Amino acid sequence: MWKDIDISLEKTETPKPKPAVEELGFGRHFTDHMFRMDWNREQGWQQARICSYQPFEMDPAATVLHYGQAIFEGLKAYRGDNGQIYLFRPLDNLERMNRGAVRMSMPRFPVDLILQGLKALVYLDRDWIPEANGASLYLRPTMIGVDPFLGLKPADNYIFYLIMSPVGSYYAGGFSPTKIFVCRDYVRAVKGGVGEVKTAGNYAASLLAYEMANKAGYTQVLWLDACERRYVEEVGTSNIFFMLDDTLVTPPLGGSILGGITRDSVIKLARSWDIKVEERPVTIDEVLAASQDGTLKESFATGTAAVISPVGELFCDDTGYPINRGEAGPLAERLFEELQAIQYGRSEDPFKWTMRVG
Ligand SMILES: *Cc1c(COP(=O)(O)O)cnc(C)c1O
């Protein structure tokens, strides 16, 4: 059934003006077109199409609006110096989304077809990919349940769609470290729950802690495990790494941590540089003690939006713990430079992570 789907194309008649690169920010502007495909329980996926960027009509009773049946992804298209367009590990994003679909009782989608639609959409709107250093086109695949029905059960109707937003460089003001608030009051996810899925409710549930940290002057929240509130899990919507002596340590994926593609890329790159990497449980006490005795050399968070985000301070139980004197560490910088070089097609790509478009 999947093999026979064609993607139809209906170009917009009213292209939008493109914002200047300095005004981009993150996720505020959207390109001229979107991809959409519908699913129902009788017919499966159908009506794959690229059309003008437009609002949905949705029943007020729609499943997603009440029970949060929603999953999404985030990945980027980059414009290389040579004019080429590159995607970074797009299949990993789509496969992660399909695993999330299973967890959320949503239909899996044909990865090949979505990738074909994604590439066609990026190519069609290629003039929206900013050329400035560090800027890119952020892609947001999304799937929502849309039954007009208030009974709680998996929906019989879904919309898969893909929208795209030109985004500016995360580091317009330099590769500057963040200050992170260690959160004791709230947790992000529990093992057996949905922490490893990019599902909408996880992010709604994180906002209050984020707001509190922000008001106190911190950029983000460091999440501890839900059971013992001892083990480090993530920072905001990023994975976290610590350089402890000469070993790069990150918490293991165990159901409550989102398996970041940047996290996986960092582990593989660091190992290829002969840096010792351990995926092991790490307590906040171990990290704070290491900050005091000098064995915590540096720390950084990883995710698609910022790629690498150095951590300059942890704030826990009314005490601030500086890391690397509040400055970005050498490994964070090296990883950032190398990942960006691969993403923009400037560097060799030993792991075959990039995919060309057009
Ligand atoms: C998306 C996300 C990440 C980072 O994943 P990447 O694939 O590296 O972008 C980490 N943690 C959470 C909670 C996320 O939602």
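These figures come from a predicted structure and were not determined experimentally. Whatever order the structure lists ligands and atoms in, that order sets their numbers, starting from 1.
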Open item on the list: If the contact criterion is a heavy-atom separation under 4.0 Å, does G74 count as touching ligand 1?
Closed with: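 The answer is no, since G74 has no heavy atom less than 4.0 Å from ligand 1.
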TODO: To the nearest 0.5 angstrom, please state how far the CD atom of Q47 sits from the CG atom of D6.
DONE: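 Going from CD on Q47 over to CG on D6, the span is 13.0 Å.
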If you measure every N/O of [X] against every N/O of ligand 1, is any gap under 3.5 Å?
X: T262; answer: yes
X: L258; answer: no
X: E234; answer: yes
X: N93; answer: no
X: T302; answer: no

Just need the protein heavy atom nearest to [atom], so name the residue and atom and give the distance.
atom: atom 3 (C) of ligand 1; value: T237 O, 3.2 Å
atom: atom 13 (C) of ligand 1; value: R188 NH1, 3.3 Å
atom: atom 1 (C) of ligand 1; value: K198 NZ, 1.4 Å
atom: atom 9 (O) of ligand 1; value: T304 OG1, 2.6 Å

TODO: Of the side chain and backbone of A305, name the one, both, or neither that has a heavy atom under 4.0 Å from an atom of ligand 1.
DONE: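 Neither; no heavy atom under 4.0 Å.
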Task: Which of the ligand 1 atoms, numbered from 1, are nearer than 4.0 Å to a heavy atom of Y203 - done: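 So the atoms of ligand 1 that pass are 13 (C), 14 (C), 15 (O).
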Task: NZ/NE/NH1/NH2 to OD/OE distance under 4.0 Å, D274 and R271 - done: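 Answer for the salt bridge query: no.
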Open item on the list: Any salt bridge linking R184 with D317? Criterion: basic side-chain nitrogen under 4.0 Å from a carboxylate oxygen.
Closed with: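 Counted as a salt bridge, because a side-chain N and a carboxylate O are separated by less than 4.0 Å.
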Task: Aromatic plane relationship, Y171 with F175 - under 30° parallel, 30 to 60° tilted, over 60° perpendicular - done: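 F175 vs Y171 ring planes: perpendicular.
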Open item on the list: So does M97 get a backbone contact from the side chain of K198, meaning a donor-acceptor N/O pair under 3.5 Å?
Closed with: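 Such a contact is absent between K198 side chain and M97 backbone.
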Task: ring-ring contact (aromatic ring centres under 6.0 Å, His included) partner of F72, the single match among Y138, Y203, F160 - done: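 Result: among Y138, Y203, F160, Y203 is the only option passing the ring-ring contact (aromatic ring centres under 6.0 Å, His included) with F72.
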TODO: Verify the neighbour count for atom CG of N214: are there more than 12 heavy atoms of other residues, nucleotides or ligands below 6.0 Å?
DONE: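 More than 12 within 6.0 Å, yes.
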TODO: Check the surroundings of atom OH in Y210: do more than 12 heavy atoms from other residues, nucleotides or ligands lie under 6.0 Å from it?
DONE: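 Counting other residues, nucleotides and ligands, OH of Y210 stays at 12 neighbours or fewer.
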